[in-house]
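Below you'll find the structure, written out as structure tokens, and then a few comments.
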Amino acid sequence: MRCYAFRFTSSLTSAQGNARSARRRANPQLVPSAIWQTIPHARRSGAKPVEREHSLMTYSVRETFLMSSKTLSPSGARTETEVFAVHGADPEILAYAMAKYSRSALSMRESLAEISAQRAGQFLNTFYFQYGHRSIADLAHIAFAVERLSLLAAIVLVDETRWDGQERSTRYQNFLKSGWFFPDFGEDSAAAGLFAKTIDELFATYQKVSAAVFDQLRARVARPESLKPEAYERTLRARAFDVARYLLPLATNTSLGQIVSARTLETQVARLLAHPAAEVRDLGEKLRAAAAGPAWNVNAEAAQAFVEKLAEAERQGLERQGLGTRDLGTRDAGTASGDAKESGSNCAANSARSANSADAADAANVPFSAAAAALFTREVRTAPTLVKYAQPNLYLQQTQAELVQAAEEVLAPLSSTTLPQVVVDLVERTESLEVELAATLLYSASHHPYRAIRDLVASFPAPRVEEIVAIGLKHRGPHDEALRAFHAGAALRFDILMDIGGFRDLHRHRRVTQILQGFTGRHGYELPGAADLPAGADILAEAGVLGEFRAAIDAAHAAAAQIASGSAPEAAQSALYLLPLATRIRALFKMDFAEAQYIAELRSAPAGHFSYRRVAWEMYRALERQHPTLARHIRATDFTQPIDLFQR
């Protein structure tokens with residue numbers, strides 16, 4: 001920014017004014033170009049002004065002089081901030097470089113230029129594992145593709161408070177050809193046969209229901225003139241999938257991508273390795289191996305082709321000069337690529353230093369193709385150090401086992417009571433923090449509503465409450481974070497009972513402390529009801545498939561119960577894969593008002609699935625009853641009102 005200040009006063013004599021004008025004509029840099037062009041003398045003389053990077057400020061009535069902020073800056077001052085994005089550094093090397101900011105005055109460019117993969121590994125071993133500076137791992141972010149895992153495993157995988165990713169949508173994709181996970185039933189062939197038969201029936205009903213609902217919607221809802229036929233059918237088919245997805249079993253295969261820090265990955269892997277389901281434990285092993293092993297390079301084929309072309313050009317050039325390939329130690333492209341791993345540790349120890357590998361190769365009489373192979377085809381291991389020690393979370397494993405036992409004993413009075421199945425219960429805060437912690441721990445290990453547990457625990461004497469809280473902490477190791485149940489104190493607690501399919505969408509909200517109960521068939525299942533049609537309609541009945549829908553889900557629940565009581569390895573866990581997404585699951589959502597407002601507005605919108613739209617609306621209604629003055633500021637969409645089916 002330039003500032004110009006001029007002061008012309010009447011105290012100047014005519015001669016003085018003429019003299020000053022002459023000085024300005026002789027020194028046009030004293031006058032900015034915009035003003036210079038307005039002075040008649042300048043226009044007549046044709047002189048061109050010169051702008052400079054400083055301010056021209058008035059010192060007195062009669063004199064002006066040039067002054068800038070740089071002139072006033074003290075020695076050593078640095079007023080220009082530099083911001084640049086960093087690309088091409090391996091995750092652990094970048095984490096080391098960023099961590100050096102706290103101990104070194106080097107710039108990021110200087111740090112990356114001197115860091116090798118070996119030095120990064122040594123640093124992380126010392127400061128992360130020995131000294132416990134766990135925040136360092138937050139600086140290394142890794143992208144993973146996880147494909148062909150069950151819906152059950154996907155729900156467990158993404159249950160992290162610090163997680164970013166996307167999963168295949170059951171709303172927009174036909175899952176008929178996705179395949180499904182088949183657990184190990186050992187010698188129990190009867191259970192294996194029943195499992196496969198039940199899965200086949202669920203998928204057959206899924207196909208029939210989606211087709212029938214689509215036909216019914218097409219017959220009932222006319223195509224707007226402004227909507228193209230293909231868009232019309234695509235939208236109705238997606239609405240049909242919204243209904244049919246209730247039949248998809250938890251064994252159904254899906255795929256997802258996640259981008260997480262190495263710290264989140266370590267806790268995620270440790271949690272998965274401690275899970276009772278074999279598929280989930282295997283998933284933890286594969287995540288750890290993927291982080292420590294060579295990453296898939298999206299540019300690998302193009303890089304290999306470039307190296308081969310470069311090697312061929314070198315060979316032809318030597319032949320034209322009458323030199324053999326051994327005269328410069330030149331090897332063919334395959335050898336150059338094959339030596340990438342070996343030369344990578346010298347010519348390209350890391351992506352920042354390897355930029356100079358071509359110069360180094362020339363100086364050492366090494367062919368450019370070999371240097372290019374080291375630069376472009378080297379193996380990159382995203383987190384060979386930070387995740388290698390991840391082991392099953394024994395704290396979680398041991399605590400959960402004790403909590404299950406404690407819940408069976410402590411909550412026995414609730415087992416004989418028939419409790420109402422409320423979709424959304426906003427549990428007002430009346431208890432102490434100690435009671436909340438104890439109630440939340442027991443909630444995570446049971447299938448009872450939070451309000452009932454809270455009220456029961458609140459009646460206990462203080463020593464008994466303290467005993468329950470102690471169960472959640474006594475197995476905690478020196479580096480273990482406290483269980484999620486200890487994330488207590490939120491003002492709003494919503495106890496939600498809904499279908500698993502809709503829960504998967506709400507599960508994505510990360511500004512919420514979510515306490516999940518286990519999968520079970522004891523809460524029954526949801527029916528689509530009117531779905532996206534006006535209130536009072538029954539989409540399945542109108543489509544003529546309500547009976548088959550009910551029969552398929554009832555049969556799946558019965559088969560799951562039968563398999564759970566069998567002799568197969570992990571029979572109880574294997575049985576859960578048969579539960580359809582219509583099955584209800586209970587979860588406690590703790591949040592602040594801003595997040596409640598966000599969920600109520602976003603998830604009640606017409607473009608959403610009718611399952612979670614209903615839950616979001618009930619959350620708003622609960623807030624309206626308990627906090628009416630605050631609820632007035634929430635722009636929720638009334639779930640009971642008709643919507644435009646083509647608003648997606």
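In what follows, every heavy atom counts, from backbone to side chain, and hydrogens, waters and symmetry copies are set aside.
- Across F181, F182, F185, a single residue satisfies ring-ring contact (aromatic ring centres under 6.0 Å, His included) together with Y577, and that is F181.
- Minimum heavy-atom separation, P249 to L202: CB-CD1, 3.8 Å.
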Verdict with reasoning, T520 to R586, per side chain to side chain donor-acceptor pair (under 3.5 Å): CA-CA 9 Å; T520 179; R586 188 183 293 281; over 6 Å; no
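- Environment of CD in Q173: crowded, with over 12 heavy atoms of neighbouring residues, nucleotides or ligands closer than 6.0 Å.
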Please assess H475 against E402 for the test side chain to side chain donor-acceptor pair (under 3.5 Å), listing each intermediate value before the final yes or no. CA-CA 10 Å; H475 296 293; E402 284 199 32; 2.6 Å; yes
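- Proximity of a side-chain donor or acceptor of T264 to a complementary backbone N or O of V260 within less than 3.5 Å is not detected.
- The shortest side-chain heavy-atom distance between L151 and L581 falls under the 4.5 Å cut-off.
- With rounding to the nearest 0.5 Å, the separation of CZ in R281 from CD in Q573 is 8.5 Å.
- Put simply, the side chain of R288 never gets that close to the backbone of V387: no donor and acceptor are under 3.5 Å apart.
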Take K474 and T399 through the test side chain to side chain donor-acceptor pair (under 3.5 Å) and record every step on the way to the result. CA-CA 8 Å; K474 69 178 182 180; T399 303; over 6 Å; no
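- Remark: aromatic rings of H557 and Y525 are close, center separation under 6.0 Å.
- Here the side chain of R271 pairs a donor or acceptor atom with the backbone of V156 at under 3.5 angstrom.
- Using a 4.5 Å cut-off on side-chain heavy atoms (C-beta onward), L149 and T254 make contact.
- Using a 30° and 60° split on the angle between ring planes, F241 and Y206 fall in the parallel class, below 30°.
- One finds the OG atom of S261 at 5.0 Å from the NE2 atom of H141 (value rounded to the nearest 0.5 Å).
- Annotation for I259: atom CD1 does not count as buried by contact number, only 12 or fewer foreign heavy atoms lying within 6.0 Å.
- Partner of Q268 under the side-chain hydrogen bond (donor to acceptor under 3.5 Å, both in side chains) criterion, out of R162, E160, Q258: Q258 alone.
- E466 places no side-chain N or O within 3.5 Å of a backbone atom of P461 that could act as its donor or acceptor partner.
- Annotation: the span from H275 atom NE2 to Q400 atom CD amounts to 9.5 Å, rounded to 0.5 Å.
- For the pair I599 and V512, the minimum side-chain heavy-atom distance is below 4.5 Å.
- Remark: side-chain polar atoms of R510 are not paired, donor with acceptor, to backbone N or O of T161 under 3.5 angstrom.
- Under the 3.5 Å distance criterion, the side-chain polar atoms of Q626 are matched with a main-chain donor or acceptor of L426.
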Which donor-acceptor pairs under 3.5 Å do side chains of residues 616-624 form with protein atoms, sequence neighbours excluded?
| unit_1 | atom_1 | unit_2 | atom_2 | d |
| --- | --- | --- | --- | --- |
| Y620 | OH | E624 | OE2 | 3.4 |

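- Here the side chain of E285 pairs no donor or acceptor atom with the backbone of L273 at under 3.5 angstrom.
- The aromatic rings of F195 and W180 are tilted relative to each other, their planes meeting at an angle between 30° and 60°.
- E431 contributes no side-chain N or O that, together with a main-chain N or O of A458, makes up a donor-acceptor pair within less than 3.5 Å.
- Atom CZ of R148 sits in a sparse spot, with 12 or fewer heavy atoms from other residues, nucleotides or ligands closer than 6.0 Å.
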Under the side-chain contact (heavy atoms from CB on, under 4.5 Å) criterion, do S150 and E279 qualify, and how do the steps go? CA-CA 8 Å; S150 71; E279 182 203 9; 2.7 Å; yes
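- Here CD1 of I155 is found 6.0 Å from CZ of R504. Values are rounded to the nearest 0.5 Å.
- Enclosure of atom CZ in R584 by more than 12 non-hydrogen atoms of other residues, nucleotides or ligands within 6.0 angstrom is indicated.
- Cation-pi contact between R603 and Y612: present, with separation from the ring centre below 6.0 Å and deviation from the ring axis of at most 45°.
- Without hydrogens or angle criteria, E201 side chain to A552 main chain gives no donor-acceptor distance under 3.5 Å.
- At most 12 non-hydrogen atoms from other residues, nucleotides or ligands lie less than 6.0 angstrom from OH of Y598.
- Rounded to the nearest 0.5 Å, atoms CG (L250) and OG1 (T583) are 7.0 Å apart.
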Could you go step by step and tell me if E92 and T382 meet the side chain to side chain donor-acceptor pair (under 3.5 Å) rule? CA-CA 7 Å; E92 286 196 353; T382 55; over 6 Å; no
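- The CD1 atom of I553 sits 5.0 Å away from atom CG of L247, with the distance rounded to the nearest 0.5 Å.
- Using the six-membered ring where Trp is involved, H507 and F503 have ring planes that are parallel, under 30° apart on the 30 and 60° scheme.
- Y395 places a side-chain N or O within donor-acceptor distance of the main-chain N or O of G472, the cut-off being under 3.5 Å.
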